[in-house]
Structure formats: C-alpha cells, structure tokens
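Written out below as structure tokens is the structure these notes cover.
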Amino acid sequence: MPDIPPDLTWIRAAPPEATGPGPWIEIAFGEGDGGEDDGEAPVYLRETSAPGNVVTTNRRKWDAFVLGVRAGEFDHFVAGVELGG
C-alpha cells in the first residue's frame, strides 16, 4: 500500500443538503512530479466510515472515470435503484 500523505485536503462527495456522517466518499488530489497537469499525479479515495482504507489511482484515470459518469456510461449499475434517503 502506498504511503498516504498526511496533509491531504479531502473533498466529500455528498449532496449540499446532506446531513449526518454518511457514509460518504471522499476524494483527495496528491502532488505529481509533472506539474499541475500531471496525469500520473495520485488521486486518493476513501469512505467516511472507514477512513483508513484508501484506494489510490491517478489523475488521468480519475478524469476518464468522471467523464464516463457524466456521459452516462455507468448508469446500468444503478438501474432499478431508487434515489432518496
């Protein structure tokens, strides 16, 4: 498991009106060697209920994932799931 920098700024992926502890997904962007647009810069993901379990990917893969979500490429994973609390 790679070392997780202690000074990361975690961004919670929760609706603005969300209350309570979640669980929510949190994302943090690490520093890369190639400057601001470094596609190999690390991206860290964790769940608020288990903050010690961190998944690491890179900025290039994260950006591709986000674009895929926006394009609806993952909608089939939630087919039949009702939204709400």
Side-chain angles (χ1 to χ4, degrees):
M1 177 188 236
D3 290 329
I4 308 301
D7 59 344
L8 292 172
T9 300
W10 292 94
I11 304 163
R12 188 164 292 176
E17 69 278 0
T19 60
W24 307 108
I25 299 295
E26 295 180 312
I27 300 101
F29 297 96
E31 296 292 324
D33 295 332
E36 190 173 309
D37 295 327
D38 184 358
E40 297 304 313
V43 177
Y44 305 94
L45 295 96
R46 69 182 185 185
E47 186 177 338
T48 55
S49 64
N53 294 334
V54 178
V55 175
T56 305
T57 188
N58 64 37
R59 187 61 191 241
R60 179 180 43 80
K61 292 175 184 176
W62 173 254
D63 289 346
F65 171 73
V66 170
L67 289 172
V69 169
R70 288 176 132 183
E73 294 176 15
F74 301 97
D75 290 356
H76 63 284
F77 287 114
V78 294
V81 175
E82 291 187 35
L83 298 177

Can Y44 and V55 be said to form a side-chain contact (heavy atoms from CB on, under 4.5 Å), step by step?
CA-CA 6 Å; Y44 305 94; V55 175; over 6 Å; no

Taking all heavy atoms of T48 and all of G22, pick out the closest pair and write down the distance.
OG1-CA, 4.5 Å

Tell me every residue that passes side chain to side chain contact (heavy atoms under 4.5 Å, CB included) with E40, counting only those two or more places apart in sequence or in another chain.
D38, N58, R60

Correct closest heavy-atom pair for W24 and P15 would be CZ3-CD, 3.7 Å

Shortest non-hydrogen separation from P23 to S49 and the atoms involved:
CB-OG, 3.8 Å

Supply the atom-to-atom distance H76 NE2 to F74 CZ, rounded to the nearest 0.5 angstrom.
7.5 Å

Test applied, side-chain contact (heavy atoms from CB on, under 4.5 Å); reference residue, F65; option that passes from D63, V69, L67:
V69

State which residues pass side chain to side chain contact (heavy atoms under 4.5 Å, CB included) with I27; sequence neighbours excluded, sorted by chain then number.
A13, I25, F29, V43, L45, W62

For E31, I'd like to know if atom CD has over 12 heavy atoms of other residues, nucleotides or ligands within 6.0 Å.
no

Salt bridge (charged side-chain N to carboxylate O under 4.0 Å, His left out) pairs, two or more places apart, involving residues 46-58:
E26-R46

